[in-house]
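All values below were derived from every heavy atom in this structure, side-chain atoms included, with hydrogens, water molecules and symmetry-related copies excluded.
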Amino acid sequence: MKPAIRLSLAALTVALALGAGYWAGSRSDHAPAPGSTATAAENTAAAAGGERQILYYRNPMGLPDTSPAPKKDSMGMDYLPVYADDKPDDSGAVVVSPARVQTLGVKTTVAEMRVVGAAVRAVGRIELNERAVVDVAPRFEGWIERLHVNAVGDPVRRGQPLFTIYSPELLSASEELRIAERLQRDSATTDPIASEAARRLANATRERLQNWQVAAAREGKGEIAQRQTFHSPANGVVLEKNAVQGARFMPGEAVYRIADLSKVWVIADIFERDLARVRVGQPASVTLDAFPDRRFDAKVGYLYPTLNVETRSTRIRLELDNREGLLRPGMFAHVELASGSPTPRVTVPTSAVIDDGVRQVVLIALDEGRFKPQPVRLGERGTDHVEVLEGVEAGDRVVTSANFLIDSESQLKAALSNLTDAAPATDAAPVTYEAEGTFDAVDPATKTVTLTHGDIPALQWPAMTMDFAVASPDLVANLAPGTPVRFEFEQRQPGEFVVTKVEKANGAKPAAANGHGSH
């Protein structure tokens, strides 16, 4: 082959290679980057072909931050797409895709009729039966000559001797009674007036001795012993002993305190919300840490009429049999009151109820991945289930897991729907905003530009770096990263901000967009 022909073939080969490279480069310049999401114009075309149209992308953590193009947050999480048709329907239901349902771990169950096992639980303490506590306190002054019961905790029986006393005051009154009775007898026939005076003195002295609870005076006997023995007024145990042999006591001073422990009280604190479920005579079960394998039967004897404003609780009193002597005052007790009704009622699991302090809501699972937030009115609460008075009927399927996430998604989409419905008509001119900042970068594949701007009071934006859609890449074709710029942008849809004009801050001729374009 001639050299000229060889050179021509070589030149043709190079030309073909250069043409192929130019064709591939032009294709890569106009094709979207791998893994990127279509722009708004492409989404519109996709929607026409049966695919869902993406409006913008929202922050995955629920922060008020949106982006017109795919991006990641500071923790590396992908922003979530918001679709044009992804909003609550007329019934208030929200549509969740099957993949999203599986990702959230949504679980459902059926509302059913059941008996609410509502038990009121409280913590209490063993107390003395106040009706069975007595004090032994002489009503006159004297000295203790002998103690018959010498220790706290000793059991005593009714009528058992406790201590013997000597009292000059008692002896003086006894002698006064003896003299008055003798004068009454001696002057009965000779001096009626003196006899009447002696009778009145004797009666007054006898009444004084009776008020002192002297046994002989109560029996009407004239002879009063110089030593008096006090006896136990009830069966029980000695709780307090405030004297020793030979000690002096004063009128009204309690020498012994005796309590009958055959019955004790349990004082428990019931929270305000449970008061309507407690009544006098209601049976209860009491357990003690000292005897964990035993349950003691009791009943509610009294509801105290006051409420503790600090703990929002009130006291109740339970009466408990203690003939075995196992229960000691001061013990802690666990009280359980059965207050459930035997009538079956519509119930849902407690995990199905979303209570934010203002409303109570359950999510009803409908067909085709739809979930409807349903306000409810609750009744009695059981251990695992709660009664529903209004809003749910037996057979309704409710969400018991991931319901908080679906509810927040529903509220967010409802708010976005309201914003969309309240937006101006599409033929109205969008609002334009001006700002100054620095050009950082451009992404031709997604038609977005990164700008660092100052405060924008019209939108209440602080200074920050963010991505904007750009009406045309030609706006920033001649700008280098770090160039100070002045730019204009407009909001075309909720969360969609498009830059329409950019100029260097030094006053260079601006590069205006050729039409609005798409982002």
Side-chain angles (χ1 to χ4, degrees), residues 123-171 173 208-219 224-269 286 288-291 296 298-299 301-302 304 306 315-333 335:
V123 177
R125 56 205 171 275
I126 304 296
E127 300 280 357
L128 294 172
N129 180 0
E130 296 177 3
R131 296 192 179 96
V133 179
V134 294
D135 282 341
V136 181
R139 301 183 180 184
F140 48 85
E141 182 183 356
W143 282 262
I144 298 175
E145 289 195 339
R146 183 181 178 186
L147 289 175
H148 303 285
V149 178
N150 294 310
V152 172
D154 285 353
V156 294
R157 301 181 307 277
R158 180 187 296 273
Q160 178 178 342
L162 298 176
F163 60 98
T164 300
I165 60 96
Y166 165 75
S167 173
E169 186 176 7
L170 178 62
L171 185 60
R208 191 189 338 159
L209 292 173
Q210 289 176 351
N211 292 334
W212 285 351
Q213 295 184 340
V214 177
R218 290 196 300 267
E219 297 170 1
I224 304 298
Q226 295 185 1
R227 304 297 189 270
Q228 288 290 321
T229 299
F230 281 79
H231 301 78
S232 173
N235 297 327
V237 296
V238 177
L239 297 181
E240 297 179 13
K241 182 180 74 71
N242 299 321
V244 295
Q245 189 165 306
R248 180 185 180 184
F249 60 87
M250 300 301 293
E253 180 181 351
V255 180
Y256 284 88
R257 171 164 289 183
I258 299 172
D260 184 1
L261 299 181
S262 61
K263 285 188 178 181
V264 294
W265 289 351
V266 177
I267 305 298
D269 298 309
V286 179
L288 305 172
D289 293 339
F291 309 102
F296 299 87
K299 65 178 180 178
Y302 184 69
Y304 286 82
T306 58
R315 296 188 303 164
I316 64 170
R317 186 175 70 217
L318 296 91
E319 299 175 358
L320 195 58
D321 185 82
N322 188 35
R323 284 175 290 184
E324 298 181 59
L326 299 178
L327 308 179
R328 293 168 170 79
M331 283 183 168
F332 281 108
V335 179

Could you tell me whether the side chain of W265 reaches within less than 4.5 Å of the side chain of R131, counting heavy atoms only?
yes
Please report the shortest heavy-atom distance between P161 and V149, naming the atom on each side.
O-CG2, 3.8 Å
Test item: N129 and S262 side chains (from C-beta on) under 4.5 Å apart, heavy atoms
no
Please lay out, stage by stage, how L170 and L209 fare under the test side-chain contact (heavy atoms from CB on, under 4.5 Å).
CA-CA 8 Å; L170 178 62; L209 292 173; 3.6 Å; yes
Are side-chain heavy atoms of R208 and F140 found at a separation under 4.5 Å?
no
Please walk me through it: do F249 and I165 pass side-chain contact (heavy atoms from CB on, under 4.5 Å)?
CA-CA 10 Å; F249 60 87; I165 60 96; 3.5 Å; yes
Can you find a heavy atom in the side chain of I316 that is under 4.5 Å from one in the side chain of L318?
yes
Taking side chain as C-beta onward, heavy atoms only, is R146 less than 4.5 Å from Q245?
yes
Could you tell me which residues satisfy salt bridge (Lys or Arg N to Asp or Glu O under 4.0 Å) with E145, sequence neighbours excluded, listed by chain and number?
R227
Looking at side-chain heavy atoms only, is the closest gap between V255 and I144 below 4.5 Å?
yes
Around atom OH of Y304, are there more than 12 heavy atoms from other residues, nucleotides or ligands closer than 6.0 Å?
yes
Distance-only donor-acceptor hits, side chain of residues 235-242, under 3.5 Å, sequence neighbours excluded:
from : atom 1 : to   : atom 2 : distance (Å)
N235 : OD1    : R158 : N      : 2.6
K241 : NZ     : A243 : O      : 2.9
N242 : ND2    : A254 : O      : 2.9

Any side-chain to backbone donor/acceptor pair from R328 onto L326? Under 3.5 Å, distance only.
yes
Side-chain contact test, heavy atoms from C-beta onward, threshold under 4.5 Å: evaluate it for L128 versus K263 and give yes or no.
no
Step by step, would you call V156 with L162 a side-chain contact (heavy atoms from CB on, under 4.5 Å)?
CA-CA 9 Å; V156 294; L162 298 176; 4.2 Å; yes
Is a donor on one side and an acceptor on the other found under 3.5 Å between the side chain of R139 and the backbone of N211?
yes
Determine whether E127 and V266 make a side-chain contact, defined as any pair of heavy atoms from C-beta on separated by less than 4.5 Å.
no
Salt bridge flag under 4.0 Å for residues D135 and R257
yes
Nearest 0.5 Å, please: how far is CZ in R323 from CG in L261?
14.5 Å
Looking at R317 and E319, is any side-chain nitrogen of the basic one under 4.0 Å from a carboxylate oxygen of the acidic one?
no
Could you walk me through whether D269 and R125 satisfy the salt bridge (Lys or Arg N to Asp or Glu O under 4.0 Å) test, starting with their C-alpha distance in whole Å, then the side-chain angles of each, then the deciding distance to 0.1 Å, before giving a yes or no?
CA-CA 9 Å; D269 298 309; R125 56 205 171 275; 3.8 Å; yes
side-chain contact (heavy atoms from CB on, under 4.5 Å) between I258 and V133, worked out:
CA-CA 6 Å; I258 299 172; V133 179; over 6 Å; no
So the ring pair (Phe, Tyr, Trp, His ring centres under 6.0 Å) pairs with at least one residue in residues 145-168 (sequence neighbours excluded) are F163-F230, F163-Y256
Under 3.5 Å, is there a donor-acceptor pair between the side chain of N322 and the main chain of L327?
yes
